[in-house]
Amino acid sequence: MQEVAHSYLNELNDIQRQAVVQMDGPVMVIAGPGSGKTRVLTYKIAHMINEGVAPWQILSLTFTNKAAREMKARIEKVVGSGARKVWAGTFHSLFARILRVEAHKIGYPNDFTIYDTDDTKSLVTEIIKSMDLDKKVYSPNAVKARISASKSNLITPKAYVKNEDMMAYDRMNRRPMTFKIYEKYVDRCKRAGAMDFDDLLLQMFRLLYENPDNVRDKYQRQFQYVLVDEFQDTNFLQYQILKQFVNYKGSAHNICIVGDDAQSIYSFRGATIENILQFETDYPDLKTFKLEQNYRSTHHIVEAANGVISYNQRQIEKKIWTDRVGEDKIKLIKTLSDTEEGKRVADMIIEQKHRHNLANQDIAILYRTNGQSRIFEEYLRRQNINYRIYGGLSFYQRKEIKDILAYMRLTINPQDDEALKRVINYPKRGIGKSTVDKMIAFANDNEVSLWQSIPNVQLSKRATSLLAEFAALVATFRKKAAEGANAYDLSLFIAKKSGVTALLKADNTMEGLNRLENINSLLDGVKEFVENDEILDEENPLDKSLTAYLQSIALITDFDANDPENTDVVTLMSTHAAKGLEFKSVFVVGLEENLFPSYMALSSPDQIDEERRLFYVAITRAEEHLTLTYANSRYQYGQMRFNDPSRFLEEIPPENLDSMIPLKKKLDFGEPKVLGNFQPSRMKQLSKVDVDHKNFRPDDPAKIEAGMRVMHLKFGEGKVVDIDERRVATIEFPQVSVNSQKRIMLQYAKLQILD
DNA sequence: GGGGGCTATGGGGGG
DNA sequence: CATAGCCCCC
């Protein structure tokens, strides 16, 4: 290292500086809350660039895109505009970017669709229905969670069936067919040219692991330095990808992970602290740095945090400390109801602003569930306090926005079944449920997308012509796209020709006007995208196509949206979303049993520990003033409920607490109400079809004629009743059920001729 | 096939 | 409480 006195190094304490200058080899930074972790990461990257590492050789994985942007801006201040070329972003966004270039090498179109949670859920629901399984037993959310967990642990559908743990768990939960739903789900996504959120990781892994065209070497060579923030919230799959980047013959293993086991709060999406322990095993020569000095909070807050987290079972040995002596103890407020809680918090915000000279932006209200925001919103509005709610339903999740986006998606990728299902009859064009059901059945039988089923599925004259009209409409969108229309012109065209804007214009209710306005904002956004000439994507600088636009927004969250006009606002967000942020004054609200900790977590000590870490994250967001509130009664799920104060409140050392309420004498509200009544019913039996897989050899479809007996992998033996002019065969499969006729496109069919 | 009204059901955190 | 899905009628 050169002996140049880089001024930024003087802004660091000893340990921070050591962590920054340790560029080479495996590095682990254990960083307590407020210990200057972001500063270390930022300066470390700046330092690398100063030491001659090319910015594009640095891969920096952060938890939000916003964090990545802020980090880049700070690096830019130290090293100049080269900072923009650092590969900084979330796992999902950076891998999506790579897959846009490479996906064709693993059998996906490069302009694949990204399925969001709703798309995934709707597809899972459809598959469950198609298998005649009981939706009450096979709850789509539960199945979806199983699929996600499998992908996050690199368990393919094939491996799933052989995995005794997975199968036993499903049997125990009376969902033994989960493996089959998983298999079908994977097929359907593939057919639709779609990746779900987990696929962005899984397919990235496959790309590197299967290494077509030596693509792995390309990225191994490129990413000389890998940094991972919030490593405690990575899952198994993410870690395997990191190892693909870093572990190869002759590698210097330049990987730096930053994390804090005490802030691990995402196990529900597969995150595991095991990764930290595994990292120590995988890289025994790693250098470890522990950042324990907290610069953010007063001693009352830091001591409360230490006190609370000490109730957890497993943790890496460390104790955060501060030399900031605070005047205010932590305030604990009890109210009779949730509405009174809202009013009290709004009143206290007014008071704090005066007494401590705080701006709105110094203040945050943090809650366990997004549903709690409404009451606070109401009282802040009454007090004329500007606020902004993060999370919950984001702009891009609104119905009218998703409708337009579905048309856009269909324009780019007509195989996108979820988009097609969404808009095929919106606005109403006479294509109803039964038509769509027939399309789905046909598409499944032939293993094609819904779009491909349109010219071939057998329907009434009326339905056929309506479908053709719809297909022609989408075709005009596609034609315009192929002619090179920019995203804005095409979006306007789509909004108009699809009939969506006309429909909303005819709706004169407040809701209709609102929706129209939202669509206009969306179009404004597209316009901005087209007119913005700042180069954001170095690989593909001035692509103004609809494809490029869809890519740019696919992974945007509510968080990333900027509202430059309104910066002085009180922040309302979930405790999860608050990770990494800090405020002078923080209100953590709804501290009641069944809410925080969540009732979902009560039955498992591990999950209670995670709730406790979440509480730890919440209180350590505060710099000077921390207020905790709970209500005796609250409307939950349309019912008045009475919850005890949260157990976490008793875990705060009394000397740091300013409370009027003697916590030890808990009020008795009687037995908590039993939540949820889960009564599993029986699933229907799938019919058995006898197929000899080993001796199955499909014949050339051209040879198939009416009258032949044929074998189909899924439906068993069948008799060809008829073949029409488009080479669509009607085949009777007696093993499926009596009189079961399927329509099969011979072009795609795998059929063996029996005689 | 569309639409209105009713009932049953679920209900967390997020990329 | 919100919404999906069902039934019924046109």
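Chain identifiers are assigned alphabetically (A, B, ...) following the order of the sequence lines, protein sequences preceding nucleic acid strands; residue numbering begins at 1 within each chain.
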Using whole Å, what does the distance between atom P of nucleotide B:dT9 and atom OH of A:Tyr138 come to?
19 Å
Atom-to-atom span, CG of A:Leu614 to C1' of B:dG13 - whole angstrom:
8 Å
Which part of the nucleic acid, if any, lies within reach of A:Ser93 when heavy atoms closer than 4.0 Å are counted: base, sugar-phosphate only, or nothing?
nothing
Does A:Lys428 make a side-chain N or O approach to OP1 or OP2 of B:dG3 shorter than 4.0 Å?
yes
Side-chain N or O of A:Lys135 versus OP1/OP2 of C:dA4: is the shortest distance under 4.0 Å?
no
Using heavy atoms and a sub-4.0 Å distance, could you list which residues of residues 259-273 of chain A are near DNA chain B? By number, please.
A:Tyr266, A:Phe268, A:Arg269
Rounded to the Å, how far apart are A:Asp198 CG and B:dG15 P?
13 Å
Which side-chain N or O atoms in residues 234-241 of chain A pair as donor and acceptor under 3.5 Å with protein atoms at least two apart or in another chain?
| residue | atom | partner | partner atom | Å |
| --- | --- | --- | --- | --- |
| A:Thr234 | OG1 | A:Phe231 | O | 2.7 |
| A:Thr234 | OG1 | A:Asn275 | ND2 | 3.0 |
| A:Asn235 | OD1 | A:Leu237 | N | 3.1 |
| A:Asn235 | OD1 | A:Gln238 | N | 2.9 |
| A:Gln238 | OE1 | A:Asn235 | N | 2.7 |
| A:Tyr239 | OH | A:Asp282 | OD2 | 2.8 |

Report the residue (A:Lys121 or A:Gly430) whose heavy-atom-nearest nucleotide on DNA chain B is the more 5′ of the two.
A:Gly430
With a 4.0 Å limit, can you tell me whether A:Ser574 has a side-chain N or O closer than that to the phosphate oxygens OP1/OP2 of B:dG14?
yes
So, A:Arg381 and A:Tyr387: side-chain donor and acceptor under 3.5 Å apart, yes or no?
yes
Identify the residue among A:Asp119, A:Asp403, A:Asp116, A:Asp111 that makes a salt bridge (charged side-chain N to carboxylate O under 4.0 Å, His left out) with A:Arg409.
A:Asp119
Distance in angstrom units between A:Asp196 CG and B:dG14 P, rounded:
18 Å
Would A:Arg388 and A:Tyr390 count as a cation-pi pair here, with the cationic atom under 6.0 angstrom from the ring centre and within 45° of the axis?
yes
For a quick check, tell me whether the side chain of A:Glu611 and the base of B:dG12 share a donor-acceptor pair closer than 3.5 Å.
yes
Taking A:Phe648 as the fixed residue, which of A:Phe615, A:Tyr630, A:Tyr311 is the one that meets the ring-ring contact (aromatic ring centres under 6.0 Å, His included) rule?
A:Phe615
Picking from A:Glu592, A:Glu611, A:Arg612, A:Gln607, what satisfies side chain to side chain contact (heavy atoms under 4.5 Å, CB included) with A:Pro597?
A:Glu611
Intra- and inter-strand pairs of DNA chain B in dot-bracket (Watson-Crick or G-U wobble, both distances under 3.5 Å; | for another strand)
||||||||||.....
Picking from A:Phe95, A:Phe223, A:Phe245, what satisfies ring-ring contact (aromatic ring centres under 6.0 Å, His included) with A:Trp87?
A:Phe223
Could you state the CZ-P distance from A:Phe197 to B:dG13, rounded to the nearest angstrom?
15 Å
Any side-chain heavy atom of A:Asp609 within less than 4.5 Å of one from A:Gln313?
yes
Think A:Asn425 has a side-chain N or O under 4.0 angstrom from the OP1 or OP2 of B:dG2?
yes
Select from A:Asn370 and A:Arg462 the residue whose nearest nucleotide in DNA chain B is closer to the 5' end of that strand.
A:Arg462
Rounded distance in Å - CG (A:Leu555) to C1' (B:dG15)
7 Å
Atom-pair distance (CG on A:Leu366; P on B:dG12), nearest Å
18 Å
Which word best sums up how the rings of A:Tyr108 and A:Phe112 line up, parallel for under 30°, tilted for 30 to 60°, or perpendicular for over 60°?
perpendicular
